[in-house]
Each structure stands twice: as structure tokens, then as C-alpha cells.
Protein chains: 2
Amino acid sequence: MADRVRHIPEATVARLPVYLRSLAELVDEKTATVSSERLAEMAGVNAAKVRKDLSYLGSYGTRGVGYDVEYLLFQMSRELGLTHDWPVVIMGAGNLGQALANYGGFTDRGFPVAALVDADPSKVGQTFHGVEVHHVDDLPKIASDRGVRIGIIATPAAAAQAVADQLTAAGIRSILNFAPAVITVPEESSLRKVDLALELQILSFYQQHSQPDPEASGSRT
Amino acid sequence: MADRVRHIPEATVARLPVYLRSLAELVDEKTATVSSERLAEMAGVNAAKVRKDLSYLGSYGTRGVGYDVEYLLFQMSRELGLTHDWPVVIMGAGNLGQALANYGGFTDRGFPVAALVDADPSKVGQTFHGVEVHHVDDLPKIASDRGVRIGIIATPAAAAQAVADQLTAAGIRSILNFAPAVITVPEESSLRKVDLALELQILSFYQQHSQPDPEASGSRT
DNA sequence: TCGCCCTCGTGCACGATTTCACAAAGGCCC
DNA sequence: GGGCCTTTGTGAAATCGTGCACGAGGGCGA
């Protein structure tokens with residue numbers, strides 16, 4: 001149905017990778033077909049949502065049977081653009097940047113780290129986990145030479161906006177921001193944020209509100 | 001107005017830390033009062049949303065003037081439970097766990113790392129960035145001795161659920177999961193997820209769809 | 001003290017997302 | 001080949017979150 005309509009809700013897009021991971025697990029355990037119910041359980045959502053989400057990709061299920069695991073996996077990979085690797089650059093070779101370069105989770109899942117980039121000349125030329133640090137002035141060249149389309153900001157908050165601008169100038173329009181700062185990018189760019197301390201603060205909120213704090217005056221939950 | 005009503009929407013809760021950060025910046029630059037408009041700009045949202053969000057905390061603004069920065073900062077810190085530190089444990093002393101222990105961003109923002117915990121005896125006793133690795137069997141003791149209420153899962157996906165259960169058993173009911181796996185926790189626990197590869201996959205989707213199809217769009221902030 | 005101006009707090013309409021419920025459709029057994 | 005059973009795909013309703021528009025209220029100048 002939603003074949004011509006190329007608009008997939010943002011909330012759905014955010015769940016697709018979770019389904020993808022579940023499907024990969026099913027392939028590993030040699031399961032041939034899967035029902036929306038089973039997939040829902042694996043992905044931690046509800047079955048109706050799974051069916052609606054998958055229907056945005058097309059009608060890939062078989063009524064009375066379920067979804068063919070391999071076929072769905074392939075279609076979803078294609079939709080997510082994961083049929084090939086996407087090299088990334090990490091901006092900032094400090095603590096966080098090094099840690100990210102060191103973290104195998106990116107490369108494993110099709111996002112090899114093409115380069116670390118830093119403004120500090122003393123860092124340039126060093127290597128972390130096989131990834132070389134380049135100077136930020138070389139960013140445009142690196143990006144075009146290596147086909148980098150995704151940039152990861154791992155600088156201090158103060159530098160984040162400037163770095164985002166440099167990425168944009170280098171033609172990189174997908175940005176993942178780890179810096180604890182609000183940054184703006186051009187309309188046509190995509191921006192996602194990961195703020196570690198922010199997540200903890202949210203947990204703190206719920207912790208605070210889950211049980212009556214003897215110190216807090218008055219209010220009940 | 002919403003004084004008796006203690007229910008703050010999840011979406012609002014997720015924005016409070018962003019406002020908090022903006023307020024901290026304003027304090028640094030010695031700004032005494034701030035309008036919803038200014039705060040909105042700093043937080044990257046719209047002014048009406050700021051006012052609505054803040055109204056859940058109480059009527060802390062002054063019409064015609066704006067919000068008193070220090071007072072609002074205090075009230076918000078209190079609401080978020082950030083008037084004191086929350087020690088955390090990091091489960092898993094592998095690549096990611098070490099990196100997180102090494103990352104100063106937690107301690108700086110009131111979440112000191114009390115301990116690293118691992119199941120591997122050969123890791124126990126080692127120290128990373130001043131944080132000692134303990135055996136997982138000692139988790140309950142560590143948690144109660146040090147008042148740890150928040151656990152961070154930094155293990156491989158396969159171990160994530162078991163570790164979540166161990167945290168729960170140790171009385172820890174706020175969990176931040178970095179492992180690329182869906183885990184379930186008891187009803188009364190809070191769970192937040194950070195999946196690095198998943199974020200990149202989402203970016204990949206929009207990248208994939210921005211190019212061939214001129215009408216597709218990315219996410220904005 | 002009076003009145004004007006500015007910005008908050010919020011009712012309301014709208015849009016997005018979730019959930020329900022069920023008809024349609026494919027496979028399988030007899 | 002027909003009917004039954006299962007599970008999808010999808011309208012429609014319910015819920016949640018957003019943004020607008022405006023009345024209320026407070027400060028400040030005259």
C-alpha cells in the first residue's frame with residue numbers, strides 16, 4: 001500500500017534498526033519465518049506496531065504464516081542503506097574520540113572509522129586502534145577521498161558548533177553529536193544527539209520521584 | 001497551577017536537562033533573568049514549549065520579566081534530583097566500560113563512578129582512571145556500601161539481560177543500557193538506552209533517502 | 001497611584017503516534 | 001477443492017505531544 005508514499009514516520013525509522021538486530025539474531029538461530037508477535041517480543045514493542053512499521057516498507061509478510069526472515073532482513077537492510085559500509089570521521093581525538101575509535105561496535109556494524117580529526121597539531125599523526133589523527137584543515141580532502149558522509153562530534157561542548165560547521169563545509173550532512181551542547185545544522189542535514197550525562201539526569205529524575213524523599217516537603221507521587 | 005498534579009510528561013522530562021544546561025551557561029555569563037524566548041533559542045526548541053515545560057515545575061516566572069536564572073536553576077536541580085551526587089556502577093570492564101570510566105563527563109556532572117564490575121577474575125583488582133574493578137559477586141555489597149542507585153550496562157549484548165537482573169537483585173532500579181540488546185526490567189525500574197550503532201543506522205536511513213529522492217527529508221533540531 | 005507594556009501561563013486545535021479490532025488472504029488438512 | 005485456521009495489513013479510535021493565540025498579571029514610568 002504505502003509503496004508510492006515515501007514518508008516513513010520518524011518514530012518508525014528509529015525502530016527499524018531494532019527489528020534489524022532481531023532479524024539478524026533469528027538468522028543466526030536458523031529461523032526461517034517469524035510472526036509479528038515474536039518479532040515484537042524480541043524488539044520489546046507491541047505486535048500491532050511491528051506490523052504497521054513493517055507495512056511502511058511494503059507488504060513483505062504472508063498472511064497466516066508471518067515474515068520470511070532472510071527476505072525481510074534484506075529488504076530492511078536495503079531500506080536503511082546498510083547494504084554497504086558507511087565510513088565515518090570522528091571529530092576530536094580527546095578522551096571520548098579515542099574511546100569511540102577504540103570501540104569496535106562501529107566497524108562491526110558497517111561504520112568503519114576512516115579518521116580521527118583534531119585541531120591540536122600535537123595530536124596529528126598519532127594512531128588509536130589503527131586510526132590515524134588528521135588535522136581539521138584536511139577534513140574536506142579526507143571526506144571526499146574516502147567517501148565519508150557521516151561525522152561524529154566528540155569535542156568539548158564549546159567547540160561543537162564550530163566543528164558542525166566544518167563538517168557541513170566539508171559536505172558531510174549526517175552528524176551524530178556527542179558533545180553536551182545544542183548545535184544547529186542546515187535544513188538539509190540530519191542531526192542526532194547522544195548525551196550521556198543527560199540520560200543519567202533523566203534517570204535521576206525518575207529515581208527522585210519514585211519514592212517519597214523524606215527531605216522533600218509535601219508533595220506525593 | 002499544576003502543583004498537586006505530580007505527573008510530568010516524559011517528553012518534558014527529557015528536555016529538562018537541556019534547560020538545566022542552558023541555565024548553567026546563563027549563570028556563567030552572569031545573566032540574572034531570562035525570557036522563555038531566549039531559553040528556547042539556547043535549548044533549540046520553541047518558546048511555547050519552554051513555557052509549558054516549565055509550568056509543570058510550578059509558576060516560577062514573572063510576567064513581563066521572565067525567569068530568575070538562579071532560582072529556576074535551583075528549582076530545576078531540585079526537581080531533577082541533582083542537589084547531590086549519584087554514584088554509579090559500570091557493569092563490564094571491557095573496551096566500553098573502561099572508556100566510560102575514563103570519560104570525565106559523568107563525574108563532572110554529579111555522577112561519580114563508584115566502581116567497575118566484571119565477571120572476569122583476571123580483570124578484578126585492576127584500576128582504570130582511578131576506578132577499581134570488582135567482581136560481580138560483590139555487587140550487592142558495593143551497591144549498598146556506596147549508596148549506588150544507578151547502574152550502567154557496558155557489556156556485550158549477550159550478557160546484558162543477565163547483568164540487568166544482577167543489578168535489579170542488588171537493589172538498583174535505574175539502568176542505563178549501552179549494550180545493543182533489548183532488555184527487560186521490573187515495572188518499577190527505570191531503563192534508558194543508548195545504542196551507538198543504532199544512531200548511525202538511523203542517519204544512514206536518512207542519508208540513503210535524501211539523495212535519490214529530492215522530497216525526502218532529514219530530522220531537525 | 002494609574003496605566004501601559006511586556007512576558008508568562010494555558011485553553012484549544014492540530015498533527016503525530018499508538019493501539020484496537022477486524023476483514024482479507026494464504027496455506028494446509030481432509 | 002473446500003473450509004478452517006492463522007496472521008497479516010489497515011481503517012478508525014484513542015492517546016500523546018506540539019504550537020498558536022490570547023487573557024492574566026506584574027513591573028515600571030509618568
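Predicted model, so just to flag it, every value in this text is computed and none were measured. Residue numbering restarts at 1 for every chain, and letters A, B, ... go by the order of the sequence lines.
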For [X] and [N], give me the distance from atom [atom1] to atom [atom2], rounded to whole Å.
X: B/Leu72; N: C/dG9; atom1: CG; atom2: P; result: 10 Å
X: A/Leu54; N: D/dT10; atom1: CG; atom2: P; result: 12 Å
X: B/Leu57; N: C/dT10; atom1: CG; atom2: P; result: 12 Å

request  = Mark yes when over 12 heavy atoms from residues, nucleotides or ligands other than B/Glu37 sit less than 6.0 Å from its CD; otherwise mark no.
outcome  =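 Not buried by this count: 12 neighbours or fewer within 6.0 Å.
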ask   = Hey, is the side chain of B/Ser36 poking within less than 4.0 Å of OP1 or OP2 on C/dT7, counting only N and O atoms?
value =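 Negative; the distance criterion is not met.
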task = Output yes when at least one side-chain N/O atom of A/Tyr67 is less than 4.0 Å from OP1 or OP2 of D/dT6, else no.
result =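 Indeed not, no polar side-chain atom of A/Tyr67 lies that close.
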inquiry  = Angle between the two end axes of the helix from C/dT1-D/dA30 to C/dC30-D/dG1, five base pairs per end, rounded to 10 degrees?
reply    =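 One end axis against the other gives 0°.
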message = For a salt bridge (charged side-chain N to carboxylate O under 4.0 Å, His left out) check, start with the C-alpha distance between B/Arg109 and B/Asp85, then their side-chain angles and the critical distance, and finish with the verdict.
response = CA-CA 8 Å; B/Arg109 307 245 225 127; B/Asp85 280 3; over 6 Å; no
query = Salt bridge check: are B/Lys193 and B/Glu199 linked by an N-O gap of less than 4.0 Å?
reply =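 Looking at B/Glu199 together with B/Lys193, the answer is no, because their closest N to O distance does not fall below 4.0 Å.
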request  = Please check if the side chain of A/Thr62 supplies one atom and the backbone of A/Val65 the other of a donor-acceptor pair under 3.5 Å.
outcome  =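 Answer holds: no.
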key: Nearest-nucleotide 5' precedence on DNA chain D, B/Val65 against A/Gly61   =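 Here A/Gly61 is the residue nearer the 5' end.
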inquiry  = Name the residue from B/Lys49, B/Met76, B/Arg15, B/Gln75 that meets the side-chain contact (heavy atoms from CB on, under 4.5 Å) definition with B/Leu54.
reply    =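 Among B/Lys49, B/Met76, B/Arg15, B/Gln75, the one meeting side-chain contact (heavy atoms from CB on, under 4.5 Å) with B/Leu54 is B/Met76.
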note = With B for base contact, S for sugar-phosphate-only contact and - for none (protein heavy atoms under 4.0 Å), nucleotides 15-24 of chain C reads --SSBBB--B
query = What about B/Tyr60 and B/Tyr67, are their ring centers closer than 6.0 Å?
reply =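 Ring centroids of B/Tyr60 and B/Tyr67 are no less than 6.0 Å from each other.
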message = When you compare the side chains of B/Asn102 and B/Gln98, does any donor N or O come within less than 3.5 Å of an acceptor on the partner?
response =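 No pair is found: no donor N or O on one side chain lies under 3.5 Å from an acceptor on the other.
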request  = Take the angle between the ring planes of B/His84 and B/Trp86 and call it parallel below 30°, perpendicular above 60°, tilted in between.
outcome  =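 Plane angle between 30° and 60°, so tilted.
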